[in-house]
2 protein chains.
Amino acid sequence: MPERTRKAPAQDDATERALSRLRELVREKGLNSSAIRDAIARAAVTFQGHFEVGDLLEEVRKSGVKGAHLATVYRALPLLLEAGVIQQTMLSSGERHFYESAFEREHHDHLVCQKCGTVIEFRSEAFEAMERELAARYDFELTSHVHELLGVCGKCRRKAAPAKRRASASS
Amino acid sequence: MPERTRKAPAQDDATERALSRLRELVREKGLNSSAIRDAIARAAVTFQGHFEVGDLLEEVRKSGVKGAHLATVYRALPLLLEAGVIQQTMLSSGERHFYESAFEREHHDHLVCQKCGTVIEFRSEAFEAMERELAARYDFELTSHVHELLGVCGKCRRKAAPAKRRASASS
DNA sequence: CTTCCTGCAAAGGCTTTGCAAAGCT
DNA sequence: AGCTTTGCAAAGCCTTTGCAGGAAG
């Protein structure tokens, strides 16, 4: 198979490191390790893009684990989050719960096209600096943030608005 | 009864304007007006702070409308949103759906204390400017955004930190 | 009179939980 | 052995929908 799921050479290592980290957390908590949970973690780290719980389960099953159950994925999620393997994202008005791989990735935020659903990640040190400043002003200790810009991408705009001739409707 | 729900003199006017706007939208859509929906709208505009659907229903009932039903509130929500009477907010990781009055209010974002739940609103033109710039860079036309800073407020920090001498807290 | 609105109840999604069996250490 | 983990099914939220009667235009 041509490089379908192959990402970058460093990625496979990262997956392993993520698994180690998860196992470490599991050990710290005095829990047991489990092949299924590892498979879930692996699927989560390797997942390209944003996913929902069902997507993750599907991915796990694709990876060979046949009996995996949705409840099990749900039960694994808190651990994955705590281990920093995944993080929650808030796409599209919070109607659904999305996650994405978060291991050894820099924090980033999202630009979401409301027409085609395209998600673009962006990172801006300037934003972060301003956030820190703002938090300080309110005597807050920041732990995280959510920053999502909703709009319409250029492609969709050109597709939808070729009849843009300043007629009636505005804004 | 003393000024319980009295806010500012301009606020009552705003409530009426919000109602007018809603009625206008209703008329445009060829729908009927209804006392209950107005009561829901009124409760929404007057609501102090963020609320969920249940809170809104409660408020409506407090206002004298006894039989109001949850389904009715749900059915009114899209209209209130479209009329710009309320807007959705995305507090605390999108696990629940919050709304807040949005009529004739400037856009603002939130700073949320994860310990005590306090929500502080902030507005920063600098942020907005940067967002516009960033959107432009990606050829996006912005329609809205979500920006929420999560952290711990000073009060909670001072409350929690000094007593931090417990030994084996497995938390 | 026709169409919309409402309460009620039932149905739908998604997520969590109780249980007993199977698995890890 | 003594714990955790899992599948399964049932229970739980929150939200939506179908229906019949009441209200608005």
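Chain letters run A, B, ... following the sequence lines, proteins first and then strands; every chain starts at 1.
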Within the structure shown, what part of the strands sits under 4.0 Å from G67(A) by heavy-atom distance: base, sugar-phosphate, or nothing? sugar-phosphate
Separation of D55(A) atom CG from dG13(C) atom P, in whole Å? 17 Å
Could you state the atom-to-atom distance from CG of L70(B) to P of dT17(D) in whole Å? 14 Å
On DNA chain D, check which nucleotide each of L77(B) and A76(A) is closest to and give me the residue with the more 5' one. A76(A)
L79(B) CG to dT6(C) C1', straight-line distance once rounded to whole Å: 15 Å
Nucleotides 19-25 of chain C: protein proximity per nucleotide (B base, S sugar-phosphate only, - neither; heavy atom, under 4.0 Å): ----BBS
Report yes or no: do H147(A) and D109(B) form a side-chain donor-acceptor pair below 3.5 Å? no
Side-chain ion pair, E16(A) and R42(A), N-O less than 4.0 Å: yes
Determine: side-chain N/O of R37(B) to OP1/OP2 of dC5(C), distance under 4.0 Å, yes or no. yes
Please report the distance, rounded to the nearest Å, between CZ in R23(A) and C1' in dT4(D). 16 Å
Would you kindly give the CD1-to-C1' distance between I40(A) and dG7(D), to the nearest whole Å? 12 Å
dC5(C) P sits how many Å from D38(B) CG, rounded? 12 Å
May I ask you to say whether R105(A) pairs ionically with E121(A), meaning some side-chain N is under 4.0 Å from a carboxylate O? yes
Figure out the CZ/P separation between F98(B) and dC14(D), and round it to whole Å. 11 Å
Given salt bridge (Lys or Arg N to Asp or Glu O under 4.0 Å), test D139(B) with R158(A) step by step and report yes or no. CA-CA 11 Å; D139(B) 192 22; R158(A) 282 186 287 278; 3.2 Å; yes
Earlier contact from the 5' end, DNA chain C, for H69(B) and E52(A): H69(B)
Ion pair present between R21(B) and E24(B), side-chain N to carboxylate O less than 4.0 angstrom? no
Taking the side chain of I36(B) as heavy atoms from C-beta outward, which of dT6(C), dT17(C), dT6(D) is closest to it? dT6(C)
Please report the distance, rounded to the nearest Å, between NZ in K29(B) and C1' in dA24(D). 18 Å
Can you tell me how far apart CG (L134(A)) and CZ (R123(B)) are? Round to the nearest 0.5 Å. 12.0 Å
Can you tell me if E148(A) and H110(A) form a side-chain donor-acceptor pair at under 3.5 Å? no
